[in-house]
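Take a look at the structure set out below.
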Amino acid sequence: MIDEDLVQSLDRDGAICLRGAFAQDWVDLAAEGIRCNLKHPGPMFQSFSPEGEGAFYSDIWSRRQIPQFEAFARQSPAAAIAARCLRTSTVRLLQDTWFSKSPGTQARTPWHHDNVVLGPFCSVWVTLDPIPREAALEFVRGSHRWNQLFMPANFFENAESDLPAVEEFYARYHGQFDIAARETFSRVPDIEARREDYDILSWDMEPGDCLVFHARTLHGSAGNNLTHDSRRMVTRWVDETAVLAPHGRVVVDRLVAEGFEVDLAVGAPIRGNLFPVISPFA
């Protein structure tokens, strides 16, 4: 059960931590899915770390070929958590993804928010390993209420130089849009350079703990200086009113190019077989 005070905290702060929300069986299932996915990468698989700096891997929408992820997305507490936090009885599964950073990985996840969908949209981020606060995902408290759409700095600079792999990924999926429309967006602030100016949220986490956060809350994380892997299983959820943002077209084009069955239109609600409806309380 998630009481109303927690939901209100999510509305106010943009992120909450739920302790022990996922039993060990779900943690083990997600970990097994990651092991399988590493052996059989999908078309959206990403390797983010420069050579010699550990390993930082991720894959997206891989539940199509990884049955552990399909079961996790449809049957774990994630859908019920999302529905409660979005104050709805049914939710659509927008995306499944995971992240794994091995010891020694220096590549950080840059500060960003998820803005290719407009409307109610949250992520349920489950940790599979013990993660101390200094290595955990961080959030700028209340940034989802700033009423701004943020894009990476390179979006405004239109730089020709190559970006590190992880920054190129976020630029591609969160910042590829007609440069003439720059007035629509704000530059992601340099939070790392002025951390004292922001109210930054993070938590020490144990396996089975999860974070729930509003998609537009600015978030990022450090590399992995621990002695063990740092793995997270993530599902992202919307309600029936959420629509594809104009700059979300690049994601649709990539999905189509990789053979996914998807039929989404800019400004239209999220629909289709890739985004199933789940009624967790039925």
Side-chain angles (χ1 to χ4, degrees), residues 37 40-48 56-66 69-70 73 91-99 107 109-123 148-188 214-216 218-220 234-277:
N37 206 163
H40 305 284
M44 309 287 274
F45 182 83
Q46 302 285 332
S47 177
F48 294 129
F56 180 7
Y57 298 126
S58 180
D59 209 344
I60 315 174
W61 285 294
S62 52
R63 72 178 188 276
R64 299 190 313 164
Q65 70 268 13
I66 306 295
F69 293 158
E70 179 74 2
V91 284
R92 280 192 182 266
L93 175 60
L94 182 73
Q95 187 184 79
D96 60 282
T97 187
W98 56 268
F99 300 93
T109 303
W111 288 97
H112 69 285
H113 68 184
D114 307 317
N115 61 18
V116 295
V117 170
L118 302 180
F121 174 15
C122 73
S123 294
Q148 291 175 283
L149 288 173
F150 289 103
M151 290 294 188
N154 67 288
F155 172 78
F156 299 90
E157 295 163 359
N158 201 21
E160 296 295 329
S161 58
D162 291 339
L163 293 171
V166 66
E167 293 185 29
E168 194 274 336
F169 171 81
Y170 283 100
R172 186 193 318 155
Y173 286 106
H174 300 280
Q176 193 166 346
F177 193 59
D178 183 356
I179 202 72
R182 285 179 297 180
E183 66 274 7
T184 304
F185 304 99
S186 301
R187 183 189 298 247
V188 174
H214 191 290
R216 205 157 293 155
L218 285 168
H219 55 281
V234 187
T235 49
R236 296 191 167 111
W237 305 87
V238 296
D239 75 2
E240 292 295 83
T241 68
V243 302
L244 182 68
H247 49 290
R249 186 69 221 177
V250 64
V251 180
V252 176
D253 292 343
R254 174 73 192 280
L255 286 169
V256 171
E258 297 294 351
F260 287 78
E261 181 186 342
V262 58
D263 182 18
L264 291 177
V266 167
I270 308 299
R271 298 290 186 269
N273 293 334
L274 188 60
F275 315 106
V277 175

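Side-chain atoms are counted along with the backbone in the values below, which use heavy atoms only and exclude waters and symmetry mates.
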If you take all heavy atoms of [X] and [Y], which pair is closest and at what distance?
{"X": "R249", "Y": "A265", "result": "NH1-CA, 4.4 Å"}
{"X": "D114", "Y": "S123", "result": "OD2-OG, 4.3 Å"}
{"X": "V262", "Y": "L255", "result": "CG1-CB, 3.9 Å"}
{"X": "L118", "Y": "P246", "result": "CD1-CD, 4.4 Å"}
{"X": "R63", "Y": "P276", "result": "NH2-CD, 3.3 Å"}
{"X": "A242", "Y": "P120", "result": "CB-O, 3.7 Å"}

Is the shortest heavy-atom distance from the side chain of [X] to the side chain of [Y] under 4.5 Å?
{"X": "F45", "Y": "S62", "answer": "no"}
{"X": "R236", "Y": "V117", "answer": "no"}
{"X": "L264", "Y": "F275", "answer": "yes"}
{"X": "W237", "Y": "L93", "answer": "yes"}
{"X": "W61", "Y": "Q95", "answer": "yes"}

Return yes if some donor-acceptor pair links the side-chain N/O of [X] with the main-chain N/O of [Y] below 3.5 Å, else return no.
{"X": "D96", "Y": "E70", "answer": "no"}
{"X": "R271", "Y": "E240", "answer": "yes"}
{"X": "S47", "Y": "Y57", "answer": "no"}

To the nearest 0.5 Å, tell me how far [X] [atom1] sits from [Y] [atom2].
{"X": "E258", "Y": "I60", "atom1": "CD", "atom2": "CD1", "value": "10.5 Å"}
{"X": "R64", "Y": "N273", "atom1": "CZ", "atom2": "CG", "value": "11.5 Å"}
{"X": "R187", "Y": "F150", "atom1": "CZ", "atom2": "CZ", "value": "12.0 Å"}
{"X": "D59", "Y": "M44", "atom1": "CG", "atom2": "CE", "value": "8.5 Å"}
{"X": "T109", "Y": "F56", "atom1": "OG1", "atom2": "CZ", "value": "3.5 Å"}
{"X": "I270", "Y": "R92", "atom1": "CD1", "atom2": "CZ", "value": "9.0 Å"}

query: Can H219 and H112 be counted as having a side-chain donor-acceptor contact under 3.5 angstrom?
result: yes

Derivation of the side chain to side chain contact (heavy atoms under 4.5 Å, CB included) call for L149 and R216: CA-CA 8 Å; L149 288 173; R216 205 157 293 155; 3.7 Å; yes

CG (D263) with more than 12 external heavy atoms under 6.0 Å: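 Incorrect, the count does not exceed 12.
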
